[in-house]
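Numbering of ligands and ligand atoms starts at 1, following listing order.
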Amino acid sequence: MAPYTIRVFGDPVLKQRATEVSEIDGAVARLVEDMFTTLYESESGIGLAAPQVGVQKRIFVYDLDDEPVTLINPRIVESDGEWEYQEGCLSLPGLYFPIVRPKVVHLVAHDLDGNEVSLEADELLGRLFQHELDHLDGKLMLEHLDDEQRKAAMRVLRERAQADLDPEPAPRRALGLRLR
Ligand code: QAP
Ligand code: CO
């Protein structure tokens with residue numbers, strides 16, 4: 001069973017800036033292991049940041065093609081170009097937004113052994129880096145939407161929150177929403 005519950009929109013932990021990791025010790029190693037368990041038990045998740053499991057540390061993990069990667073204290077040192085992609089987030093289940101961000105990013109971080117890593121990534125992986133770094137700064141995809149998209153997204157989130165409060169399970173709008 002996954003050791004953590006994935007925090008979703010409305011949880012204040014998702015809006016706080018996470019703290020730098022000062023020492024990569026056994027507690028960090030255990031946290032990372034538990035984050036992977038949580039990621040793999042999620043429905044089709046590819047990346048997860050520590051704040052999404054309620055931990056205010058600057059760590060994210062991902063697995064794009066059966067290769068688990070952990071990045072600690074990551075920073076983007078350079079970015080270039082523009083690329084639109086339908087982004088999703090485990091903390092905003094069922095919501096996908098077309099978002100334009102830089103296409104290529106150069107990220108530096110530390111791995112679990114404390115070694116410095118330097119990675120240049122474009123397209124999907126470049127997007128993942130930017131998305132997960134946003135989580136560490138307390139930002140969700142909603143901040144990248146235009147007014148109209150944000151209104152549509154907030155309406156769905158509000159309806160869901162209300163449906164979750166209703167004693168009688170009201171007919172719920174289909175989970176998937178793709179905003180144009
Ligand atoms: C972040 O996203 C990301 O809505 C990782 O119902 C975003 O793992 C990486 C997911 C864009 C690359 C590009 C979302 C699963 C997973 C959902 C995820 C859902 C089930 C999102
Ligand atoms: Co996310």
Looking only at heavy atoms of Tyr85, does any of them come nearer than 4.0 Å to an atom of ligand 1?
yes
Does Glu82 reach the side chain of Lys103, with side-chain heavy atoms less than 4.5 Å apart?
no
Can you say whether the rings of Phe60 and Phe129 are parallel (under 30°), tilted (30 to 60°) or perpendicular (over 60°)?
tilted
The atoms of ligand 1 lying under 4.0 Å from a heavy atom of Glu132, numbered in the order shown, are 1 (C), 5 (C)
So is there a nitrogen or oxygen of Tyr96 less than 3.5 Å from a nitrogen or oxygen in ligand 1?
yes
What are the two closest non-hydrogen atoms of Ile24 and Val28, and how far apart are they?
CG2-CG1, 4.2 Å
Under a 4.0 angstrom heavy-atom cut-off, which atoms of ligand 1 come close to Glu87?
7 (C), 11 (C)
Do the non-hydrogen side-chain atoms of Leu140 and Asp134 ever get within less than 4.5 Å of each other?
no
Decide yes or no for Leu31 and Met35: does some side-chain heavy atom of the first lie under 4.5 Å from some side-chain heavy atom of the second?
yes
May I ask you to list the atoms of ligand 1 that are less than 4.0 angstrom from any heavy atom of Pro93?
4 (O), 6 (O)
How close do Leu95 and Met141 get, heavy atom to heavy atom, and via which atoms?
O-CE, 3.9 Å
Taking distance alone, with N or O pairs closer than 3.5 Å, would you say Gly94 contacts ligand 1?
yes
Any side-chain heavy atom of Val108 within less than 4.5 Å of one from Ser118?
yes
Leu90 to ligand 1: N or O pair under 3.5 Å?
no
Under the side-chain contact (heavy atoms from CB on, under 4.5 Å) criterion, do Met154 and Leu157 qualify, and how do the steps go?
CA-CA 5 Å; Met154 294 310 293; Leu157 292 166; 4.2 Å; yes
In this structure, does ligand 1 have an atom that sits under 4.0 Å from one of the heavy atoms of Leu92?
yes
At the Co ion (ligand 2), what angle lies between atom NE2 of His135 and atom SG of Cys89, rounded to 10 degrees?
100°
Under 4.0 Å from any heavy atom of Leu128, which atoms of ligand 1 are there?
9 (C), 12 (C)
Interatomic distance, Asp11 atom CG to Gln16 atom CD [nearest 0.5 angstrom]
8.5 Å
One residue to check: Cys89. Relative to ligand 1, which of side chain, backbone, both or neither has a non-hydrogen atom less than 4.0 Å away?
backbone
Answer with side chain, backbone, both or neither: which part of Leu48 has a heavy atom less than 4.0 angstrom from an atom of ligand 1?
neither
Closest to atom 15 (C) of ligand 1 by heavy-atom distance, out of Met141, Gln86, Arg127, Glu43, is Glu43
Ligand 1 atoms nearer than 4.0 angstrom to some heavy atom of Gly45 are 8 (O), 16 (C)
